[in-house]
Engineer: 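I'd like to ask some things about the structure below.
Letters A, B, ... mirror the listed sequences (proteins, then strands); counts begin at 1.
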Number of protein chains: 2
Amino acid sequence: MATNLPEACGLGPAFRVINGKWKGTILWLCRKQPRRPGELRRLIPDVSEKMLIQHLREMVADGLLDRHDFGEIPPRVAYSVTDLGRELDDVLTPLAHWGLKHAARLTRDHPMSLVKA
Amino acid sequence: MATNLPEACGLGPAFRVINGKWKGTILWLCRKQPRRPGELRRLIPDVSEKMLIQHLREMVADGLLDRHDFGEIPPRVAYSVTDLGRELDDVLTPLAHWGLKHAARLTRDHPMSLVKA
DNA sequence: GCAAGTACCTACTATTTTGTAGGTGTCAAA
DNA sequence: TTTGACACCTACAAAATAGTAGGTACTTGC
């Protein structure tokens, strides 16, 4: 067995699409209803506009989100989750619960946890 | 609500402990039985020794793994999953299944997917 | 004696990800 | 007419993560 384990067990592909500082949050927010970029920016105060749009584009490319362009001017678009994205969100939920349940003991010093709310 | 969503929903803490190129794989391999570092190196051909040990240490610090030192010379240690690690592995399994199921359509060009097996 | 194995460690480099600061064009309200 | 909002875009800089190449101390087998 010389194959690479993360790929073989499925965690590789899964992490590739969901790794991104805000992708989980975006998925979660878009699940309830289609969201416009400006709306997401206001809901996630710490996200930069660049990262938001970059994440959205990648998630569309990965088939997690659909981008609907209303063709209006000024521009109006909305992102909604696809079936694939919904499935991912479903399996992510238990992970989020785990994280929440044990958040207290997971406060080791990780560089990126210094996001002061 | 000015709090930061990834933290609030639990995905923040969860990703912080499991993000690391090989952590999921390590968890999975150590679940079945305690593993020695050298054993893991052979099971995961692509991991560098530095990353392996770094990951192991972080996972111990996060309470996912236990490090047992046999106090022998030459050195012998073994890593086994804790209850917390087992819980995490449980919620990671559905995510891995999702990744496996949809691996084919998730072959977009991500930089780190160029790990030639 | 010398090479190889054990489980690490450190310095340095390269890659990847994220942040900052600016720009586009159109429109509506002040 | 200036300002702001909309949904992007780009170049550049910073930070985080991973890889490379070396070293430690000890022991066993050749």
Side-chain angles (χ1 to χ4, degrees), chain A residues 4 6 12 15-26 30 34-62 65-80 108-116, chain B residues 4 6 12 15-26 30 34-62 65-80 108-116:
Chain A
N4 130 350
F15 280 142
R16 263 203 303 285
V17 302
I18 200 58
N19 265 350
K21 206 168 171 181
W22 310 98
K23 283 188 183 177
T25 306
I26 292 170
C30 291
R35 303 282 193 179
R36 301 183 59 183
E39 195 184 353
L40 290 169
R41 272 213 317 280
R42 283 182 293 271
L43 288 167
I44 317 175
D46 290 328
V47 77
S48 72
E49 191 180 2
K50 181 199 144 191
M51 284 315 297
L52 176 63
I53 294 188
Q54 194 172 302
H55 282 166
L56 289 172
R57 289 225 168 278
E58 289 173 5
M59 293 169 79
V60 169
D62 285 326
L65 295 182
D66 261 339
R67 175 181 185 275
H68 179 59
D69 189 335
F70 290 84
E72 300 176 3
I73 274 176
R76 183 155 83 103
V77 302
Y79 292 86
S80 53
R108 191 169 56 75
D109 190 43
H110 295 264
M112 291 229 339
S113 66
L114 309 170
V115 221
K116 74 276 171 237
Chain B
N4 131 348
F15 280 143
R16 264 204 302 286
V17 302
I18 200 58
N19 264 350
K21 205 168 171 182
W22 310 98
K23 284 188 182 176
T25 306
I26 292 170
C30 290
R35 303 283 192 177
R36 301 182 58 183
E39 195 184 353
L40 290 169
R41 271 214 317 279
R42 283 183 292 272
L43 287 167
I44 316 175
D46 290 329
V47 78
S48 72
E49 190 179 2
K50 180 199 143 191
M51 284 315 297
L52 177 63
I53 295 188
Q54 194 172 302
H55 282 165
L56 288 171
R57 289 224 167 282
E58 290 173 4
M59 293 169 78
V60 169
D62 285 326
L65 294 181
D66 262 339
R67 177 180 184 274
H68 179 59
D69 189 335
F70 290 84
E72 300 175 3
I73 274 176
R76 184 155 84 103
V77 301
Y79 292 85
S80 53
R108 192 170 56 76
D109 190 44
H110 295 264
M112 289 226 341
S113 67
L114 309 171
V115 219
K116 73 276 171 234

Engineer: Of the options D/dC8, D/dG19, C/dT20, whose atoms approach the side-chain atoms of A/S48 most closely?
Structural biologist: C/dT20

Engineer: Just verifying a value: how many Å separate A/K23 NZ and A/L65 CG, rounded to the nearest 0.5 Å?
Structural biologist: 9.5 Å

Engineer: Taking any heavy-atom pair under 4.0 Å as a contact, classify B/R35: base, sugar-phosphate, or nothing.
Structural biologist: nothing

Engineer: In whole angstrom, what separates B/E39's CD from C/dA7's C1'?
Structural biologist: 14 Å

Engineer: Given 3.5 Å as the limit, does a donor-acceptor pair link the side chain of B/E39 with the main chain of B/R36, or not?
Structural biologist: yes

Engineer: What distance do A/T25 atom OG1 and A/D46 atom CG have between them, rounded to the nearest 0.5 Å?
Structural biologist: 10.5 Å

Engineer: Closest to the A/P37 side chain: D/dC8, C/dT18, C/dA7?
Structural biologist: D/dC8

Engineer: For the atom pair CD (A/E58) and CD1 (A/I53), what is the distance rounded to the nearest 0.5 Å?
Structural biologist: 12.5 Å

Engineer: Just the rounded figure in Å: distance from C1' of D/dC6 to CZ of A/F70.
Structural biologist: 13 Å

Engineer: Rounded to the Å, how far apart are A/M51 CE and C/dT16 P?
Structural biologist: 15 Å

Engineer: Please tell me which of the listed nucleotides, C/dG19, D/dT27, D/dC6, lies nearest to the side chain of A/W22?
Structural biologist: C/dG19

Engineer: Can you check the A/I53 CD1 to C/dG23 P distance for me, whole Å?
Structural biologist: 17 Å

Engineer: Using atom CD of A/E72 as one end and atom C1' of C/dA28 as the other, report the distance to the nearest whole Å.
Structural biologist: 14 Å

Engineer: Do the numbers put A/R35 on top of the ring of A/Y79, so that NZ or CZ is under 6.0 Å from the six-membered ring centre and no more than 45° off the axis?
Structural biologist: no

Engineer: Identify which nucleotide among D/dC6, D/dC9, C/dT6 has an atom closest to any side-chain atom of A/R36, counting heavy atoms from C-beta outward.
Structural biologist: D/dC6

Engineer: Have a look at A/Y79 and say if it touches a base, only the backbone sugar-phosphate, or nothing, with a 4.0 Å heavy-atom cut-off.
Structural biologist: sugar-phosphate

Engineer: Below the 4.0 Å mark, does C/dC9 have OP1 or OP2 next to a side-chain nitrogen or oxygen of B/R57?
Structural biologist: yes

Engineer: Which is true for A/E49 with a 4.0 Å heavy-atom rule: it touches a base, it touches only sugar-phosphate, or it touches nothing?
Structural biologist: base

Engineer: How close or far is atom C1' of C/dT6 from atom CZ of B/R41, stated in whole angstroms?
Structural biologist: 9 Å

Engineer: Between A/N19 and B/R67, just flag the one whose closest nucleotide in DNA chain C comes earlier from the 5' side.
Structural biologist: B/R67

Engineer: Remember a base hit wins even if backbone is also touched, and classify B/I73 as base, sugar-phosphate or nothing at under 4.0 Å, heavy atoms.
Structural biologist: sugar-phosphate

Engineer: Where each residue is assigned the nucleotide of DNA chain D containing its nearest heavy atom, which of B/V47 and A/R76 is assigned the position nearer the 5′ end?
Structural biologist: A/R76

Engineer: If you check every side-chain atom of B/K50, which of C/dA11, D/dC9, C/dG5 has the closest atom?
Structural biologist: C/dA11

Engineer: Could you give the CD-to-P distance, from B/E58 to D/dT17, as a whole number of Å?
Structural biologist: 8 Å

Engineer: Does a nitrogen or oxygen in the side chain of B/R16 sit under 4.0 Å from OP1 or OP2 of D/dT17?
Structural biologist: no

Engineer: Can you check the A/D46 CG to C/dG19 P distance for me, whole Å?
Structural biologist: 9 Å

Engineer: Rounded to the nearest 0.5 Å, what separates atom CD1 in A/I44 from atom CE in A/M51?
Structural biologist: 11.5 Å

